[in-house]
Each structure stands twice: as C-alpha cells, then as structure tokens.
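Read through the structure below, which is laid out as structure tokens, and then see the notes.
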Amino acid sequence: MPELPEVETIKRGLKDLVTGLSVKEVVIKNHKSFLIDENTKELFLFNHKVLDVKRRAKLLMINLDSDYSLVFHLKMTGQLVYVNHNYRFGAGHPTDSLIHQLPDKSTRVIFIFNNKAKLFFNDQRKFGWIKIIPTALLTDKDFFKYHGPEPLDLLFSSDVLYQRLLKHPNSKIKAVLLNQTVLSGLGNIYVDESLWMSKINPLTTVNRLTEKNIVVLHRSIQSVLNKSISLGGSTDRNYVDAKGNKGSYLKFANVFRKENQPCPRCSNLIVKQKIAGRGTHFCPNCQKIEIEK
DNA sequence: CACTTGACCTGTCCGC
DNA sequence: TGCGGACAGGTCAAGT
C-alpha cells in the first residue's frame with residue numbers, strides 16, 4: 001500500500017514522536033522482517049538516541065546517534081504504529097481502539113523505547129523489511145543510484161521528467177511511471193490518478209506523448225501527491241499512519257477502484273484492465289492515446 | 001532491451 | 001458453510 005504520500009505521512013508523525021528517544025529493546029517475531037545480529041543490536045541500536053526521521057523514495061529512515069540508521073520498506077502491507085506507555089494518545093483519540101489491539105497477528109517487530117513507548121512494525125504479507133545501515137551510506141548518492149528523482153523536489157522539472165521518460169521510448173507510460181529508477185515514490189494508485197488528471201491513456205507508449213502531455217503530467221503528479229499528503233495518504237485496506245489514523249485521499253480519487261462508475265469528467269464508465277501486470281483504472285473516453293507527435 | 005511471469009506471503013472476496 | 005481460485009497498493013529475479 002504505502003506509496004510516497006503514505007510514507008511521508010508516517011515520517012512526519014514519527015519524527016515528532018520518536019526524536020530524542022532511545023531504543024532499549026527489540027522484540028523480533030518474524031526474523032525475515034529484520035535480519036540483525038546481537039552484536040549489531042548492542043553496538044549500534046540499543047541506547048542510541050533518535051536524531052531524525054527521514055524519507056527518500058518509499059524508504060523511511062530513522063537516524064540514530066550511533067551513526068547507523070534503521071531503514072524500513074513497508075512494501076504492500078507494512079505499518080509503523082507508535083503507542084505510548086499507557087496505550088493512549090489522549091482521551092477519545094479515534095484510534096485508541098485500534099491501538100489497544102496491538103500487538104496483533106501481523107506484528108513482526110516491536111521496538112521499545114526508553115520512555116516505555118512501543119513502535120510496532122506490522123506487516124500482514126511479510127514483504128516489508130527493516131535493515132540497519134550506516135547513515136553515511138544513506139547520504140551517499142550511490143546508495144540511491146537505482147532510485148529516480150523525488151517528484152516533489154524543487155529540482156524536479158517537467159524537463160527532467162521528459163528526459164527520464166525518453167529513456168524508455170517504447171514502453172507504456174503506466175509501466176514507466178511505476179518504474180522506481182525513472183521516478184521515485186509513485187505506485188499503482190497515484191499513477192492511475194495522475195494519468196487520469198493528465199488525460200493520458202495508460203497504454204500510450206512514451207514516444208507517442210507530446211511535450212504538452214508531459215508538462216501536464218508533471219503538474220498532475222505533483223498535484224495528486226500534494227493533495228494526498230494533505231489528506232494523510234490513501235487507506236485502501238491496511239494503511240495507517242504512525243498514530244494509527246487512516247488516510248482519506250481515496251474519497252477524492254477519480255479512477256482508482258472506480259471501475260464501472262462514471263468518469264467525473266465525461267461520465268463515460270471507468271474501466272479496469274491489467275496493464276504492466278497491475279490492475280489499471282482509466283476512462284477510455286477522455287484518456288485517449290495521442291495520434292500525432 | 002522490452003516485457004511478462006513467478007516468487008515472496010497472508011487475507012479477503014467471489015462463485016460454485 | 002466450505003472450498004478453490006483470483007486478486008491485493010511493491011519489488012526482484014528469471015524467462016521469453
């Protein structure tokens with residue numbers, strides 16, 4: 001589930017909650033989720049303060065004052081939920097009921113902090129992972145050489161998008177936008193939404209796109225991501241933020257999970273079709289394939 | 001090289 | 001009510 005807006009939302013929440021705390025204990029219920037040896041735990045994890053929480057692409061990083069960082073990839077069903085020592089954030093918090101159920105059967109790793117708060121790494125499908133990596137490596141651009149630019153970075157212009165897309169001229173735009181080496185952070189939801197907003201058919205090959213298409217696509221990607229971040233991301237099934245709150249972006253989605261419903265722009269029915277191996281939602285009427293270049 | 005498929009896992013939903 | 005199959009937001013390796 002978690003794409004850029006979801007990981008960004010978790011990061012913002014966690015940063016306020018865990019900065020300054022130190023890890024006292026870790027309970028690993030599923031070892032494949034977090035391969036770490038006792039030595040590394042003692043030397044680089046335990047009793048080290050959290051300096052900062054960062055995001056790059058879909059990775060979330062907790063920098064520790066040991067010069068190492070905890071790095072998380074949530075893949076499809078990962079959650080990072082912080083719960084304080086008495087299992088409450090405050091009277092009447094909407095997610096108190098959810099928090100009381102933790103740990104649950106999807107809990108794979110639990111971090112316990114010096115203030116007795118716990119951070120639950122839940123992951124139903126066990127695809128996600130946690131690693132401990134030297135912070136210096138994470139700031140080295142080599143580490144992210146297989147990740148494309150951040151779509152909300154000021155340096156990410158429509159020209160940059162154009163240049164990167166052009167490296168895959170014969171591929172379908174849907175597949176290229178899902179490719180993390182081209183651009184970081186988009187997943188199935190935001191690719192479908194961005195293409196709808198741009199009136200681009202997901203089957204269009206890159207070499208059929210006009211320059212105007214790309215200018216509009218660039219603006220649409222940023223608009224969709226910014227709107228989702230402002231709404232706390234998308235909760236389709238699993239996703240919750242660091243406090244256990246769901247995101248509300250999908251209430252405003254135009255095509256994702258809207259198959260057989262009218263297109264908000266032209267009233268034609270939205271279709272769902274497998275493209276690039278993924279369920280893809282679009283309006284075949286107003287998302288036309290460009291004929292001329 | 002472009003593209004597809006299968007694998008990693010668990011849970012849910014749908015049709016019989 | 002039970003069972004089998006398809007499917008789910010991510011990524012990687014292997015195959016065509």
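Lettering follows sequence order; numbering is per chain, from 1. What you are looking at is a predicted structure, and each value in this text was computed from that prediction instead of being measured. Computed from heavy atoms alone, side chains included, the values below leave out hydrogens, waters and symmetry copies.
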Problem set entry | Near-parallel close stack of A/Tyr239 and C/dG9 base (under 5.5 Å, under 30°) | no
Exercise. Do we count A/Phe127 as stacking onto B/dC9 if the rule is ring centres under 5.5 Å and planes under 30°?
Worked result: no
Problem set entry | A/Lys41, NZ atom: more than 12 neighbouring heavy atoms under 6.0 Å | yes
Under 4.0 angstrom between [X] side-chain N/O and [N] OP1 or OP2:
X: A/Lys58; N: C/dG10; value: yes
X: A/His73; N: C/dG10; value: no
X: A/Lys105; N: B/dG11; value: yes

[N] to [M] separation - [atom1] atoms, rounded to the nearest Å:
N: C/dG9; M: B/dA2; atom1: C1'; answer: 24 Å
N: B/dC8; M: C/dC3; atom1: P; answer: 25 Å
N: C/dG10; M: B/dC1; atom1: C1'; answer: 23 Å

Problem set entry | Dot-bracket summary - DNA chain C, pairs being Watson-Crick or G-U whose distances fall under 3.5 Å, with | when paired to another strand | .|||||||.|||||||
Exercise. Which one, C/dG9, C/dT11, B/dA2, comes nearest to the side chain of A/Ser171?
Worked result: B/dA2
Dump the pairs, protein N or O against N or O of nucleotides 13-15 of chain B, anything under 3.5 Å, distances to one decimal.
none

For this session: To the nearest Å, give me how far apart CG (A/Leu183) and C1' (C/dT11) are.
Result: 16 Å
Exercise. OH of A/Tyr146 versus P of C/dG10: gap in Å, rounded?
Worked result: 22 Å
Exercise. Are the side chains of A/Phe121 and A/Ile130 in touch, meaning some heavy atoms are under 4.5 Å apart?
Worked result: yes
Exercise. Considering only heavy atoms from C-beta outward, does the side chain of A/Glu193 approach that of A/Val255 to under 4.5 Å?
Worked result: yes
